[in-house]
Amino acid sequence: MPEGHTVHRLAHAFAELFGGQRLAVSSPQGRFADGAALLDGHALVGTEAHGKQLFLAFSPAPDAGADGVRWLRVHLGLYGSWTFAGDETFRAPHAIGAPRRRVGEEEVALASPDEPASPESPDEADDVVVAIEEAAPATDATPGATDAAPEADASPGATAWHPHAPRGAVRVRLLGAHGVADLTGPTACEVVTAEEKAAVQRRLGPDPLRPDGDGEAFVAAVRARRRAVGELLMDQSVVAGVGNIYRAEALYRARVHPLRLGRDVPATRLRAMWADLAELMADGVATGRIVTTRPEDRHDPEDRWYVYHRSGRPCLVCGTKVAEAPMAGRRLFWCPRCQRAPRRRP
DNA sequence: TTTCCATGAGAAT
DNA sequence: TTCTCCTGGAAAT
């Protein structure tokens, strides 16, 4: 899944692609028909990411008060992803979300401006090509796509663009003047009020990617618990946005053993880990990829991670075999030598 | 073709 | 701890 950096990318993408536009909102799959009806025809007036939660604000109905803003709350979970397509003015990556192969390739392409390239500016051209390839022959009316037409603000001279038929189980389709975003496989997708949104956020810990992310709150939350720090990093109420890759890699880079109890990790170590996460994740937002290895430790361009998914292979730094064990239902990876084992309690 | 698996999380046991 | 939900690409059959 999409860890927090992916969700922040999405918040940026939606603001840029659809900000201020009235959108046709539908649920081709049908499971979100009621929610879609509430948002259909309303303008996207704001986007926000907090940890792995994405919030999209829609303008209130004319007869609703000022606080009638409704939020679409989406959590991608393990499988969710957004797929984008549109005309040449619609500059979006092909897809953002669960790391299916197609998605990964696309994100790589976006992050490598030195790819050989097409005549025009590389990333823009790539997007358009993908969008065209993905477009199915414009079949007849997607329900919800033809009514509630978006505002006609197409720039003069832009070629006509038609959305492709939804592919797969599309929970939500957001259709603007220049492009479309399809959501598949989310864990959560619902329309909430501002108060309900705030309630969700109160349960979340600080997010290293947000300006209001409070590193000291993270340090205090970890040191208050006797649970293993490897579990605490995956607890969204301790730190929001960290997932299985950032957990393993941040612990490695801090040289902290995942089984060490939270309260036993020195505060200075945790402060450094927070700063490191902020940096790593910001890089993830910029590039769409998680890369945690320092250039000097990267023996091969494929060496993106120190320990994640490297069990049995030599540690890039010390050569010791990377270890793996399940923790809280997920696969956990660490280097037994670089990350010294915690003292065993008698 | 069937099965397995994944960057998640909440509920049930 | 284990189950359950959601999807689709890859690996296994």
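Letters A, B, ... are given to chains in the order of the sequence lines, protein chains preceding strands, and every chain is numbered from 1. This one's a predicted model, so the numbers in the text were calculated from it and none came from an experiment.
Taking atom CD of Glu231(A) as the reference point, atom C1' of dG8(B) lies 15 Å away to the nearest angstrom. Computed from coordinates, the Leu78(A) CG to dA6(B) C1' distance equals 5 Å when rounded to whole Å. Protein atom NE2 of His94(A) is 12 Å distant from nucleotide atom P of dG8(C), rounded to whole Å. Rounding to whole angstrom units, CG of residue Leu332(A) and C1' of dT1(C) are separated by 17 Å. Rounded to a whole Å, the CE atom of Met234(A) is 12 Å from the C1' atom of dA6(B). The nearest whole Å value for the distance from the CD atom in Glu190(A) to the P atom in dC6(C) is 15 Å. Distance, Trp82(A) CH2 to dG8(C) P: 14 Å, rounded to whole Å. Between Arg203(A) atom CZ and dA9(B) atom P the separation is 12 Å, expressed in whole Å.
The other members of the hydrophobic cluster of Met327(A), by chain and number, are Leu259(A), Leu332(A), Trp334(A) (side-chain heavy atoms under 4.5 Å, ILVMFWY only). Within the hydrophobic cluster formed by Ile, Leu, Val, Met, Phe, Trp and Tyr side chains joined at under 4.5 Å, directly or through other members, Val45(A) stands alone, with no partner residue.
Comparing dA6(B), dT7(C), dG8(B) by their nearest atom to the side chain of Arg330(A) picks out dG8(B). Side-chain proximity of Thr184(A) to dC5(B), dG8(C), dG8(B): nearest is dG8(C). Of all nucleotides listed (dA6(B), dT7(C), dG8(B)), dG8(B) comes nearest to the side chain of His75(A).
Scored by the side chain to side chain contact (heavy atoms under 4.5 Å, CB included) test, Ser237(A) finds Arg225(A), Asp235(A) as partners (sequence neighbours excluded). With sequence neighbours excluded, the residues satisfying side chain to side chain contact (heavy atoms under 4.5 Å, CB included) with Glu48(A) are Phe55(A), Trp71(A), Lys197(A), Gln201(A), Arg210(A). Scored by the side chain to side chain contact (heavy atoms under 4.5 Å, CB included) test, Ala217(A) finds Pro206(A), Asp214(A) as partners (sequence neighbours excluded).
Looking at heavy-atom distances under 4.0 Å, Glu249(A) makes no contact with the nucleic acid at all. Using a 4.0 Å heavy-atom distance criterion, Arg171(A) is classed as a sugar-phosphate-only contact.
Contact between the side-chain N/O atoms of Arg31(A) and the OP1/OP2 oxygens of dC6(C) is found at a separation under 4.0 Å. Gln29(A) has a side-chain polar atom (N or O) that falls below the 4.0 Å cut-off from OP1 or OP2 of dT7(C).
A heavy atom closer than 4.0 Å to some atom of DNA chain B occurs in no member of residues 269-277 of chain A.
Using modelled atom types, one side-chain atom of Arg22(A) and one backbone atom of Gly41(A) make a donor-acceptor pair closer than 3.5 Å. Judged by distance alone, with hydrogens and angles left aside, the side-chain atoms of Arg310(A) form a donor-acceptor pair with the main-chain N or O of Pro314(A) at under 3.5 Å.
With P as the reference atom, dT13(C) and dC5(B) are 11 Å apart, rounded to whole Å. Using atom P as the reference point in both dG8(C) and dG10(B), the two lie 23 Å apart (nearest Å). On the P atoms, dC6(C) is 24 Å away from dT1(B), given to the nearest whole Å.
In this pair, His5(A) and Tyr246(A) present their aromatic rings perpendicular. The plane angle is above 60°, beyond the 30 to 60° band.
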